[in-house]
**Q** 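Can you keep this structure in mind? I'll have questions shortly.
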Protein chains: 2
Amino acid sequence: MRHLPPLNALRVFESAARHRSFAAAGKELFVTSSAVSHQVKTLEEYLGLSLFDRSRRTVTLTAEGEQYLSSVRHAFDEIEMATQRLTANQESNVVKISVAPNFLTRWLMPRMARFQALYPDIELEINASMGLLDFDRTSTDMAVYFGNGEWDDIEVHFLRKVMLVPVCSPQLLDGELPLEKPEDLAKHTLIYVSKRKWEWENWLQQSGVDFISARGSLQMSSGQLATAAAQEGLGVALADSTLTSREIKSGKLVVPFDIQLDTNRAFYLVYRKQRPLTIGMKAFKEWLMSEM
Amino acid sequence: MRHLPPLNALRVFESAARHRSFAAAGKELFVTSSAVSHQVKTLEEYLGLSLFDRSRRTVTLTAEGEQYLSSVRHAFDEIEMATQRLTANQESNVVKISVAPNFLTRWLMPRMARFQALYPDIELEINASMGLLDFDRTSTDMAVYFGNGEWDDIEVHFLRKVMLVPVCSPQLLDGELPLEKPEDLAKHTLIYVSKRKWEWENWLQQSGVDFISARGSLQMSSGQLATAAAQEGLGVALADSTLTSREIKSGKLVVPFDIQLDTNRAFYLVYRKQRPLTIGMKAFKEWLMSEM
DNA sequence: TCGACTGGTGAGATTAATTCATCAGTCTGA
DNA sequence: TCAGACTGATGAATTAATCTCACCAGTCGA
């Protein structure tokens, strides 16, 4: 047996709190500000505390109101998304995708034209984002994650492994300091990715270099930035060999030592569990898997 | 501007779906089954699909209804908890705590009597659980987590570092196979914790043992079980030195080599961000920190 | 200082929710 | 096997929740 507050009053509160105005909430809900006032009062009486400060001409949320708003918002987001999913057209041809930045710029973007040629009716709405996202409370249909593939409560499809090789600008390789064997890295700047500092350590270990005290180090927040920094000649970075193949072919980046580090990390296509796929989602999934 | 379904109808649906019966839902909501029927119908008309199968005498959820229920439930849980937090008595002296199993049995339990002597009015409701929990949708007040301290959106307080030492039963140490230097571990069974397999590797590396091919290995799902297995003489495990100090003092476990591995992992007291602490929570927090 | 805002309040009007009466089907047990 | 006790469905009537209206006070800017 549940103990829920009056839900209609809650809806009115959420709108009023979001707008920080009873009048604006009234407009959104197609009622008068008086109705909003009544409903907020009902909720406040139920809770036994005030959610708004009513001094001055404008209303402001109390600390309690602020707290409550964030929870109520979360909950309403979820209800809204669940309702949207349920009533969504299975024939929908718009797919909202969230993609790991490196994969987006270096893999997906260059191949977008091919997808559009194959599926001219499908419209992709792409968003770059790193971390995990909440499929319950966002309208994102699918995502490309980077990681070890161990995520709970979502449908996970393996795309491709990430194999790291050192990359740097050709100028650096032709420069004064030699870069002929892994030990020579000691004289160069190593470019790290903040949250994956162990990668250089592992690569050096695999390359038979026991310990190295590099000349300097540079820290970047993403693999994409690390690769860009290497391209600018700022040092040597570890980058995925296939994602940077274009830069390597065109000579913008060179691989001083072709020693690949198997990271146990990979790119994965993920989406909400048990979600019936729309034709747009099916098309994107099939194309993505077939391009691998 | 939001697009929410009729919320009162949603509440009725949730109850009916939970009970898998309109009559039972009516009883819970103090209305007739007729009212339930009307409301469910309203919701179904709004969504444009049926949520219940009405064949036979009983109703069953359709696939869509099942999907919808889980989301609606989640959302209502959150509203319920937010409301409960808001109306909760600040003077409450009941604290619901979720504790990492190893910490619970080896640290908290032995000291519980001391807490109760100091705060006879405070009532602890303890729950053992490993993973992370959702403070938004559960009624747990505080938790003791084991990990690296990097968790988002929660209040984190450091408790104590975990320093690992090898432990085994005294019988094993006095047995036929020597255990005098780290290299001797090669002749014994190493007990691993499933999700922290790297620990033995790190310890051996720190002890100056390059590579070791142990006689066998045993995998346990938690540190608690690994320590118990070591106590039974099944092999050598890595255990936290302070958590196992009682067993070590009493001679149930011995430390063959006093080489401690700093794991960068620790125990932390955590709770919901911005949550105003009840007097019970304050008492527990203060006591816990002072016992460290 | 006046108008144009803000939100608050109580009474009445409107709309939504519930009950009631009735119907049909299904399962149970005498 | 057939009455009786359940299940839920439905439309009209009733009740309860919600909203509007009219009026209030206060604040802000011209």
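Below, read A as the first sequence line, B as the second, and so on, with proteins coming before strands; counting in each chain starts at 1.
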**Q** Taking only the side-chain nitrogens and oxygens of A/N8, find out if one of them lies under 4.0 Å from OP1 or OP2 of D/dT18.
**A** yes

**Q** Send over the distance from B/F52 CZ to D/dG8 P, rounded to a whole Å.
**A** 9 Å

**Q** Are OP1 or OP2 of D/dT20 and a side-chain N or O of A/T32 less than 4.0 angstrom apart?
**A** yes

**Q** Hey, are the side chains of A/L124 and A/M112 touching, using non-hydrogen atoms and a 4.5 Å cut-off?
**A** yes

**Q** Can you tell me the distance, in whole Å, between the CD atom of B/Q39 and the P atom of D/dA16?
**A** 16 Å

**Q** Starting at CZ of A/F30 and ending at C1' of C/dT14, how long is that distance when rounded to a whole Å?
**A** 18 Å

**Q** In B/S/- notation, 5' to 3', how is nucleotides 6-12 of chain C contacted by protein heavy atoms closer than 4.0 Å?
**A** SSSBBB-

**Q** Side-chain contact test, heavy atoms from C-beta onward, threshold under 4.5 Å: evaluate it for A/T83 versus B/Y46 and give yes or no.
**A** yes

**Q** Does a side-chain heavy-atom distance below 4.5 Å link A/L104 with A/M109?
**A** yes

**Q** Salt-bridged, A/E80 to A/R11, with N to O below 4.0 Å?
**A** no

**Q** If you write DNA chain D from 5' to 3' in dot-bracket form, with Watson-Crick or G-U pairs under 3.5 Å, [ ] for crossing pairs and | for pairs with another strand, what do you get?
**A** ||||||||||||||||||||||||||||||

**Q** Aromatic contact between A/F267 and A/W107, with the criterion being ring centroids under 6.0 Å apart: yes or no?
**A** no

**Q** Let me know the distance between CG of A/L29 and P of D/dT18, rounded to the nearest Å.
**A** 13 Å

**Q** What is the distance, rounded to the nearest whole Å, between atom CZ of B/F13 and atom P of C/dA17?
**A** 17 Å

**Q** Report yes if the side chains of A/Y271 and A/D141 come closer than 4.5 Å at any heavy-atom pair, otherwise no.
**A** no

**Q** Under 4.0 Å between a side-chain nitrogen and a carboxylate oxygen: does that hold for B/R137 and A/E78?
**A** yes

**Q** Indicate yes or no: at least one non-hydrogen side-chain atom of A/K27 is less than 4.5 angstrom from one of A/H19.
**A** no

**Q** Can you measure A/L10 atom CG to D/dT18 atom P for me and round it to whole angstrom units?
**A** 12 Å

**Q** Can you confirm whether the side chains of A/T105 and A/Q224 place a donor and an acceptor under 3.5 Å from each other?
**A** yes

**Q** Can you tell me how far P of C/dA16 sits from CG of B/L7, to the nearest Å?
**A** 14 Å

**Q** D/dT7 C1' sits how many Å from B/H19 NE2, rounded?
**A** 16 Å

